[in-house]
Every structure is written in structure tokens, then in C-alpha cells.
Amino acid sequence: MSDSEDDRPLKAKSKDTISKADDAAMDKQLPSNGHVEPGISMAMGPVEEMDVDKPTTNGTSSSKRKASRANGKSYKEASDSDDDVPLQKKRKTKVAESDDEDDVPLVKKMAKPIKATAAQMGEESDDDVPLGQQLQKEKAVIEEAATKEAQALRRQDKVADAKRKAKKKAASDDDDDDDVPLAKKKKAPVKKEGGAKKVKKEESDDDVPLSRKAPAKKTAGKAKKEETATPAKKGKAKVKKEEKTAEDEEAEAEEEDYRWWEDPTKGDGTIKWRTLEHNGVVFPPDYEPLPKNVKMLYDGTPVDLHPEAEELAYAFGSMLNSTHNVENPTFVKNFMDDFRKMLDSTGHAKDRDGNKVKITKFEKCDFQPIFNHVDAERQAKKALPAAEKKKLKAEKDEAEAPYMYCMWDGRKQKVGNFRVEPPGLFRGRGEHPKTGRFKKRVLPEQITINIGKEAMVPKPPEGHKWKEVKHDQEGTWLAMWQENINNAYKYVMLAANSDVKGQSDFKKFEKARELKKHIDSIRADYQRELKSEVMAERQRATAVYLIDQFALRAGNEKGEDEADTVGCCSLKFEHVTLRPPQTVIFDFLGKDSIRFYNEVTVDLQVFKNLKIFKREPKKEGDEIFDRLTTSSLNKHLSNYMTGLTAKVFRTYNASWTMSNLLKDMKSTGTIPERVKDYNDANRKVAILCNHKRTVAAGHDAQMEKMEDRINGLRYQQYRLKQQMLDLEPKLKKKRGEAYFALPEGIDDEWVKEYQAARVEEERQKIRKKFEKENEKLVAEGQKEMKTKELDERLKVADEMEAMFKEERKKKKKIEAEGKAPTVEKLEQSLEKLDTRIATMRTQAEDRDNNKEVALGTSKINYIDPRLTVVFSKKFNVPIERFFSKTLREKFDWAIKSVDEDWEF
DNA sequence: CTAAACAACTCTGTTGTTGATGC
DNA sequence: CGCATCAACAACAGAGTTGTTTA
């Protein structure tokens with residue numbers, strides 16, 4: 001097959017269309033070319049329902065999905081033999097062999113009859129619904145799908161129409177009240193102006209029409225409101241700033257009872273603010289050259305460096321303890337490249353006699369002196385008296401105070417990241433090709449300021465000027481620059497607890513909730529399109545399936561100079577392994593180079609499709625979805641619902657899962673237990689989203705410690721039992737040998753060690769106490785105690801040791817302890833130990849389960865906070881147990897807006 | 001008309017700091 | 001009660017997604 005028209009001729013591509021014969025061939029489980037693992041069918045057992053997901057028509061309700069994900073079992077017998085059904089619509093759009101042409105225009109494709117759906121629906125059986133009901137349901141769904149499709153078509157036309165109009169009309173701003181997304185309507189004309197403006201500089205800003213017609217009209221109501229509110233508040237805010245005490249802050253919070261989420265004028269619209277005042281950014285401190293006596297060595301010789309070059313050496317030297325970086329060849333190579341370049345441009349290193357030293361080889365560089373110096377400084381800083389530390393912090397806080405807040409439409413708002421990122425060595429994540437390169441200091445000349453037209457522009461540092469000052473009301477950023485490694489944009493924006501961020505967060509979750517209304521038809525559609533003869537369509541349907549079912553990310557294309565990671569659309573041949581009959585194994589690096597590994601059971605059709613997409617001549621390195629891009633996917637999704645994109649599915653599925661888990665929960669028990677119930681649900685969502693973390697360094701040790709403590713308790717139980725025997729030997733017969741035996745996992749060796757540890761512990765305790773008392777005595781000017789006294793005291797431990805020894809020798813004769821011991825009393829202690837062991841076990845399990853799952857990300861970004869508020873109210877757990885202070889501020893809107901009946 | 005570039009925003013795990021806890 | 005330890009938190013900066021503009 002020749003791919004001559006393709007830009008990347010080496011990449012194999014799928015055919016345009018899939019013939020019936022093609023499809024049929026895939027049914028014979030030829031080990032063919034689809035990289036299929038030999039059949040290992042998994043045991044299939046009944047799967048318990050985990051949530052009350054509304055069953056969807058296709059038998060893949062998300063409840064089953066989740067269950068199958070959780071226990072790795074399939075939920076459906078392979079009963080689906082769709083390909084015997086004649087696909088009557090053999091309407092080939094192209095000759096099968098002509099490759100690489102564009103696909104049929106979307107409209108044409110959409111017009112395809114939905115008969116296939118009907119046929120398919122008929123054969124798939126939803127095992128837990130009676131047949132009669134099932135058929136009815138299916139019929140309804142098919143009809144719905146038909147309507148939806150028609151709607152989608154109409155919508156599409158309209159959008160296209162609107163776009164054409166917009167182009168013609170340019171800046172004219174009349175609204176026709178159709179369902180064309182607002183953003184799109186507005187964006188086109190307004191951005192035109194923006195584009196033109198961009199060429200201009202600050203001084204010509206005056207001729208830019210600030211009062212753009214459209215925005216002015218749109219926000220008229222809001223503006224009025226603001227006019228009355230602003231002056232008063234401004235005045236107060238200023239007074240507050242002078243002496244901001246805790247009480248003031250509180251009073252302010254109380255009077256600031258603005259509920260934007262109830263304000264109908266807030267929300268969409270592209271104008272984000274009317275007035276904006278802020279003080280710009282904080283620059284990192286200038287580089288302070290190292291003291292004269294601290295120098296890096298080259299080939300054993302201390303060398304002098306130009307301060308700019310020294311800054312690089314400093315950057316490398318100060319992270320010598322991070323072997324992960326410093327011993328990474330890419331990191332070292334990139335660093336040395338930049339270091340040498342810097343040396344070339346700033347003049348070479350010199351030895352103490354002023355002779356040039358050409359630094360070339362990393363092996364000859366010794367940064368240890370720099371590290372030692374930095375480390376000493378760090379220690380010194382750490383060792384500073386508390387008062388001193390406090391003072392320094394107060395000074396810093398005061399210096400930064402002006403940058404912490406801005407005035408946004410007259411309201412005081414917290415700024416998120418007002419500090420310009422300091423220079424340093426770039427640490428990409430995963431195997432980033434640019435790791436180790438020097439991220440340069442950002443100069444004011446690179447920074448663009450975005451601020452209100454009337455506001456005072458913050459002064460750049462002495463002798464500098466800003467790159468540009470903008471008044472872009474459509475942007476929510478206050479300042480912006482580009483970093484030199486990837487030319488990535490960096491923005492200074494508001495903090496998460498600000499109104500704007502809250503609003504967009506709110507919108508995000510509302511959008512996810514809206515998806516609920518469309519999800520059934522979307523699922524029905526992709527089920528049908530999984531069998532489309534048009535390759536692009538089939539790939540798209542399969543991708544949507546994966547995104548919906550397994551919470552994959554969209555997966556944009558990535559460049560050569562980025563870490564090699566993928567998402568759904570960019571999955572490659574080697575990332576997906578197929579194991580008949582219908583198991584798919586995903587194994588790839590996703591965002592942040594986090595491994596995504598999942599063995600899942602998929603619909604037979606999906607399995608077959610993946611096999612087709614992997615067909616020859618594709619091989620490792622080739623894309624599975626070669627006819628699909630994230631934009632085409634999102635474009636398709638947006639036909640169902642304004643603003644629907646791949647990422648919305650993640651939000652939707654996460655919140656929907658959480659919602660169902662919480663709905664069914666009857667959390668009783670203590671508050672910690674209820675919190676744990678919540679966290680368990682949280683964890684399921686985190687696993688769904690593949691939110692991982694590296695196992696903490698001390699985790700294993702920690703687990704061992706816990707295990708040891710549990711065993712200690714179990715040994716205590718054993719001793720108690722032996723004591724019972726001491727009191728009542730008959731018990732041995734009554735309860736059986738096993739009852740009195742050493743617990744499993746504990747042997748004589750362990751006991752010996754355990755006892756030795758106890759004895760040692762006791763000794764330490766005594767010594768410590770002794771020393772302390774002595775110190776005190778000295779401090780009071782008295783004589784300290786003799787070592788004899790210590791020895792005397794240590795006798796307690798000696799006795800203990802002797803007793804243990806005796807015990808071990810006699811074997812199983814342990815005398816009952818305590819005053820008036822009875823079997824009953826011992827029994828009681830035994831039970832107490834039982835509960836302690838149980839709680840400790842769950843604690844240990846919990847910790848172990850959590851070792852590589854990060855709960856925070858899903859809590860902060862995916863789970864609708866209102867669900868947490870509902871849980872908190874329903875089960876009477878203070879919200880503080882779930883949301884930290886900052887999170888409570890971020891989710892203020894959620895905390896104040898729902899009662900316990902609210903549903904996602 | 002694509003593909004790359006530009007732009008702006010969300011999401012992500014790690015790191016440094018802080019506050020609670022246990023001894 | 002003072003101290004050390006450790007977990008929880010907030011800050012951080014890199015890595016995605018999405019949409020628009022330009023070559």
C-alpha cells in the first residue's frame with residue numbers, strides 16, 4: 001500500500017471503509033495481524049451491582065462497567081454475533097483500496113439510516129431485564145435516537161449557517177435568538193478586533209474601541225449594579241487593607257454576601273470583567289554570587305565563573321542530592337549543553353591565576369563544594385530560632401501583600417500565582433527530552449500585563465519596562481510570559497477561591513450534569529456506529545466508547561520534543577493488547593507519564609474493531625485511531641450538546657460514580673467511620689480516573705511497623721489465653737489446642753525478638769528519664785544522681801528480661817497477672833484486644849490501598865463538590881472533615897447552595 | 001484547506017511548609 | 001511540656017485540553 005499523499009509516509013493507515021468481508025474475517029479468531037493474545041478466557045462469575053445506574057439499552061450500564069473494572073471479570077456472556085446480520089447499506093463511499101482520501105462529508109454520513117441500530121439492538125440481550133420490557137425500552141431508545149439524530153443534523157446546519165453569517169457580517173452585533181452557542185456567536189466578531197489590535201502597541205490603545213458594542217449591551221444590567229456597589233466597597237476595602245485583623249476579615253466576609261451563582265447576569269458571555277486593578281507580579285530575588293571561597297572544581301581545579309554561568313553551576317550543584325535528576329544522562333547532557341553555551345557567551349572559567357579553563361567534560365566537573373555550601377545554608381536557615389523565622393516570614397508577607405489581591409469589578413479577589421517562576425533547571429516529567437535545560441530568568445521585558453483601562457499600571461522594576469500592557473476583558477489573566485524551554489505560556493490568574501474561578505468551576509459541573517440528559521442517546525449512537533462501514537466513523541465510535549467506559553483522556557498529538565505519552569486518540573499499536581474473546585489490555589503512559597494499566601472486558605464489537613484498527617500493515621509505533629483527531633472527535637461530540645468535549649466525560653463519569661456510591665450508602669457508625677465511607681467512594685473515583693502517586697519512601701517500613709504492632713497485640717492475646725490456662729487448665733480440652741496455640745505468623749523466634757525489643761524499649765525509657773532528671777538537677781544546681789541509681793532502676797528491665805526468659809524455657813506456662821485475675825476478666829481483655837486489632841487492621845489496609853492512589857485530584861477537580869456537601873449534611877459530618885480551609889473557600893458556592901436532597 | 005502556531009484555561013503529582021500528634 | 005515525627009496542606013510548575021488564528 002502506498003501512502004504517497006501522507007505527510008508521514010512511514011505511518012500505516014487503515015483503509016477508508018470496512019467491507020462485509022473485512023468484518024467477517026475478523027470473526028474468525030485468526031491470530032492474524034491484529035496482535036491478539038492467545039485465548040485465555042477469564043472465569044466469569046455473577047457480578048454484583050455496585051450502583052443504581054439507570055440501565056442503558058445496550059447492556060453496558062455503567063454500574064456493570066465499574067463492577068467489571070473493579071474485579072476484572074466480564075459481565076456479559078459473548079452472545080453477540082452481529083456480523084452475520086447483513087449490513088444492507090453497503091454504500092461504499094470510496095473504492096476500498098484508494099487510501100488517504102478525505103472522508104465523506106459529515107452531513108452525508110449523518111444521514112445514514114439507523115436500521116443497523118435496530119438490528120443490533122434486537123440481538124443484544126440485557127440479562128437482567130425481562131424480555132418484554134427490554135424490547136419496549138429498546139424501541140423507545142431507537143426512536144429517541146432517531147429524533148436526536150435529526151436534531152443533531154439541524155443543529156449542525158445552524159451552526160454552519162451562523163458561522164457563515166458571522167463571517168460576512170464581521171463586527172455587526174445583532175443577535176438572533178437561536179441555539180447557536182453564545183461563545184461562538186460573539187467570539188467571531190470580537191476576536192477580529194482583538195486580532196487587529198494585537199499588532200498595535202500600548203500608545204495606540206486609545207483608538208481601540210474599549211466600549212465594544214456587544215459586551216456593553218450584554219452586561220448592561222451588571223454594570224449598573226456595579227456602579228452603585230463599587231464606590232462604597234472600594235472605600236471600605238481600602239480601610240480594611242490598612243489594618244487587616246482577623247475580625248476585620250471576618251466582618252468583611254460576612255458583609256460580602258454576594259451569591260454569584262444565583263445571579264442570572266453572571267455566567268456566559270465572553271467579557272470577564274469591567275474593571276480590573278492589580279499590582280502586577282513579584283520577581284524572584286536576583287542571583288547572589290557564591291562567596292569567594294566556594295567554587296566548583298574542574299579537573300580538580302577551583303574555577304571562577306561569570307555570575308551568569310555560575311548561576312547554572314549553582315542550579316546544578318544545589319540539587320546534587322536529587323540523584324534521580326543528576327544521574328539521568330539526558331538531564332546531564334542538556335545541562336552541559338546549556339552550561340557550555342553559557343560559558344562560551346560569557347567568557348570562560350578561570351583558575352586562581354587567571355588562566356582560562358575550558359570546561360567541556362561533565363566527568364571533570366565537581367559541584368560538591370557548591371552543594372556543601374547550599375546545604376549548610378539550608379541547615380542554618382532551618383536552625384534559625386522560631387522568632388527569627390517568624391519575623392522573616394512576616395517581612396516577606398508584608399512585601400508581597402500588595403500582590404496578593406486584586407480588584408475585579410470592584411470586588412477584592414485573591415490572586416493565584418503572582419510570583420514569577422524563578423530560573424532553574426527544567427525538570428520535565430517522565431522521560432522528557434528537555435529535562436536539565438536551564439530555564440532562564442524572566443525579565444519584565446517578556447511580561448505582558450493585562451489590566452483595566454482606567455487602572456494604574458504597575459511599575460516595572462527600575463530601569464525596565466513591560467513587554468506590553470493590554471486591556472483584554474475577555475481574558476481572566478493579570479500577567480503573562482513565555483518560558484524559554486517549550487515556549488509555554490505562563491499566566492498569572494486568580495486563586496481558586498475567586499469568583500471567576502468559582503463560576504467556571506460551577507459551569508463545568510453543570511455541563512457534566514447536562515450530559516446526563518444526552519448520555520443515553522450518545523451511547524446508543526456509538527453502539528450503532530461501532531459497525532459503520534466508514535472507517536473514520538467506526539474509529540470515532542470506538543474512541544467515544546473507550547472515553548466513556550474507561551475514562552481515557554482525549555489524547556492530542558504530541559511533538560518530538562515532548563515526553564512520549566498518549567491518550568485515547570493517540571493510542572498506538574503497542575498500547576493495546578487484545579486477548580480473545582473480548583479482553584483488552586491497555587498499557588501506556590498517560591498525562592504526566594503516569595502509567596495506565598487496565599485489563600478490561602469490552603463489547604465484542606469493540607474488540608473486533610480494535611483488531612481491525614491494528615490490522616496490517618500497522619505495526620508498533622503506528623496509531624490505532626489513524627482517522628481520528630481530538631478536534632474531529634470534539635466536533636462530533638459538540639453536535640449532541642453545546643460545549644460537549646471528551647473531557648466532560650471524565651467529569652461526568654467521576655461525579656456520576658460518586659453520586660451513585662453516596663446515594664446507596666447508609667453510613668452509620670462513628671464520624672471517623674463515616675469519613676472512611678466517603679473516602680472509600682472517593683478512592684473508587686480516583687481509581688476510575690487513574691490518579692496515582694508514587695509510593696512514599698517509608699511506606700514499606702511503615703507497613704511493617706503496623707504489622708509488628710498488630711502481631712504484638714496478637715501475642716498479647718496469646719499470653720492472655722495462656723493465663724486462662726494457668727487459672728483453669730480444663731479449658732484446654734474445652735476449647736481445643738488450636739485456641740491456645742501461638743497465632744499464625746508468630747513463632748518462637750518472633751517472640752524472642754519481640755520480647756527483646758520490649759526489654760530494650762523499657763531500658764531506653766528508664767535511661768531517658770534518668771538523664772532528664774539529672775539535667776534538671778544540674779540546672780537547679782544540685783548534684784546529679786550516680787550511675788548506681790541508674791543501674792538500680794534498670795533492674796526493672798532486667799527482671800522483665802528474666803521473666804521472659806523463664807517463660808520461654810518453661811514453654812506455655814504463663815502465670816496469670818494482675819490482682820484477683822479471673823477467666824472472665826481475661827476474656828474481657830481479650831475482646832478489647834480483638835477490637836484494637838480489627839481497627840488497626842483496617843487502618844493498615846486503608847493505608848496500603850491508598851499507597852498509590854491520590855484522592856486529592858478527583859476531590860478537587862472531578863467530584864461535584866455539592867455531592868460532598870450533601871453527604872456532609874445527610875450523615876451529619878462536619879464539612880471540615882472533607883474540605884480543607886482552602887477547599888472550603890473554593891467550594892463556597894457549593895456549600896451554600898445545596899441541601900441534602902440535591903442530586904447530581 | 002490543513003497543519004502548525006498561538007492562546008488560555010484546567011488538571012496533575014511532587015515538594016516544601018505547617019500543624020497535629022505522640023512520647 | 002518540649003520535642004521530634006509525620007501526615008495534611010498549600011504552593012508549585014509542568015502537562016494536558018480546547019479553541020482560534022495563521023502560514
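In what follows, chains are A, B, ... by sequence order, proteins preceding strands, each numbered from 1.
The side chain of A:Lys439 places an N or O atom within less than 4.0 Å of a non-bridging phosphate oxygen (OP1 or OP2) of C:dG14. Taking only side-chain nitrogens and oxygens, A:Lys501 comes nearer than 4.0 Å to OP1 or OP2 of B:dT10. Put simply, A:Thr645 has no side-chain N or O that comes within less than 4.0 Å of OP1 or OP2 on C:dG19. Within the structure, a side-chain polar atom (N or O) of A:Tyr862 is placed less than 4.0 Å from OP1 or OP2 of B:dT12. Of the side-chain N and O atoms in A:Arg650, one or more sit less than 4.0 angstrom from OP1 or OP2 of B:dT12. Between A:Lys490 and C:dC12 there is no side-chain polar atom (N or O) within less than 4.0 angstrom of OP1 or OP2. Residue A:Lys647 places no side-chain N or O under 4.0 Å from the OP1 or OP2 atom of C:dT18. Between C:dT17 and A:Asn556, a contact under 4.0 Å exists linking OP1 or OP2 to a side-chain N or O.
Using a 4.0 Å heavy-atom distance criterion, A:Ser504 is classed as a sugar-phosphate-only contact. A:Lys389 comes within 4.0 angstrom of no nucleic acid atom, judged by non-hydrogen atoms across all strands. No engagement by A:Ala488 is indicated, since no non-hydrogen atom pair under 4.0 Å with the nucleic acid exists. Among the protein residues, A:Asn634 comes within range of the sugar-phosphate backbone only, with heavy atoms under 4.0 Å from sugar or phosphate atoms but none that close to a base. Heavy atoms of A:Gly567 sit nowhere under 4.0 angstrom from any nucleic acid atom.
Computed from coordinates, the A:Gln473 CD to B:dA8 P distance equals 14 Å when rounded to whole Å. Distance A:Asn861 CG to C:dT17 P: 14 Å, rounded to the nearest Å.
Comparing A:Thr630 and A:Val420 by the nucleotide of DNA chain C that holds the closest heavy atom to each, the one mapping nearer the 5' end is A:Val420. Between A:Val566 and A:Arg419, the one whose closest nucleotide on DNA chain C sits nearer the 5' end is A:Arg419.
None of A:Asp505, A:Thr868, A:Asn497 except one satisfies the side-chain contact (heavy atoms from CB on, under 4.5 Å) rule with A:Phe891; the exception is A:Asp505.
Taking 4.5 Å as the limit, some side-chain heavy atom of A:Leu887 sits within range of a side-chain heavy atom of A:Lys859.
In the model, A:Thr448 has no side-chain atom that pairs as donor or acceptor with a side-chain atom of A:Lys470 under 3.5 Å. With hydrogens and angles left out, the side-chain atoms of A:Tyr862 and A:Thr857 include no donor and acceptor closer than 3.5 Å. No side-chain donor-acceptor contact under 3.5 Å links A:Ser631 and A:Asn634.
Considering only side-chain atoms of A:Thr476, the nucleotide from B:dC9, C:dG16, C:dT18 that sits closest is B:dC9. Counting only heavy atoms from C-beta on, A:His432 has its side chain closest to C:dA15 among C:dG16, C:dA15, B:dC11. Checked against B:dT10, C:dA7, C:dT18, the side chain of A:Lys508 finds its nearest nucleotide in B:dT10. Considering only the side chain of A:Tyr489, B:dA7 comes nearest among C:dG16, B:dA8, B:dA7.
Remark: A:Lys647 pairs with no residue by the side chain to side chain donor-acceptor pair (under 3.5 Å) rule, at least two apart or across chains. When the side chain to side chain donor-acceptor pair (under 3.5 Å) test is applied to A:Arg683, the partners found at least two apart in sequence or on another chain are A:Asp680, A:Asp846, A:Asn850. Taking A:Asn861 as the reference, nothing meets the side chain to side chain donor-acceptor pair (under 3.5 Å) condition, with sequence neighbours excluded.
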Check: residues 418-434 of chain A side-chain donor-acceptor pairs under 3.5 Å, at least two apart:
{"unit_1": "A:Arg419", "atom_1": "NH1", "unit_2": "A:Glu400", "atom_2": "OE1", "d": "2.5"}
{"unit_1": "A:Arg419", "atom_1": "NH1", "unit_2": "A:Glu400", "atom_2": "OE2", "d": "2.6"}
{"unit_1": "A:Glu421", "atom_1": "OE1", "unit_2": "A:Lys439", "atom_2": "NZ", "d": "2.8"}
{"unit_1": "A:Glu421", "atom_1": "OE1", "unit_2": "A:Lys490", "atom_2": "NZ", "d": "3.4"}
{"unit_1": "A:Glu421", "atom_1": "OE2", "unit_2": "A:Lys490", "atom_2": "NZ", "d": "3.2"}
{"unit_1": "A:Arg429", "atom_1": "NH1", "unit_2": "A:Asp592", "atom_2": "OD1", "d": "3.0"}
{"unit_1": "A:His432", "atom_1": "ND1", "unit_2": "A:Lys434", "atom_2": "N", "d": "3.0"}
{"unit_1": "A:Lys434", "atom_1": "NZ", "unit_2": "A:Ile485", "atom_2": "O", "d": "2.9"}

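Scanning all heavy atoms of the two residues, the minimum distance from A:Asp561 to A:Asn486 falls at O-OD1, 4.4 Å.
Taking a cutoff of 4.0 Å between a charged side-chain nitrogen and a carboxylate oxygen, A:Lys507 and A:Glu510 do not qualify as a salt bridge.
Proximity of residues 878-886 of chain A to DNA chain C (heavy atom under 4.0 angstrom from any strand atom) is restricted to A:Ser884, A:Lys885, A:Thr886.
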- request: Sugar-phosphate atoms are those with a prime plus P, OP1 and OP2; base atoms are the rest. Using that split, label each nucleotide of nucleotides 13-23 of chain B B, S or - for protein heavy atoms under 4.0 Å, 5' to 3'.
  value: BS---S-----
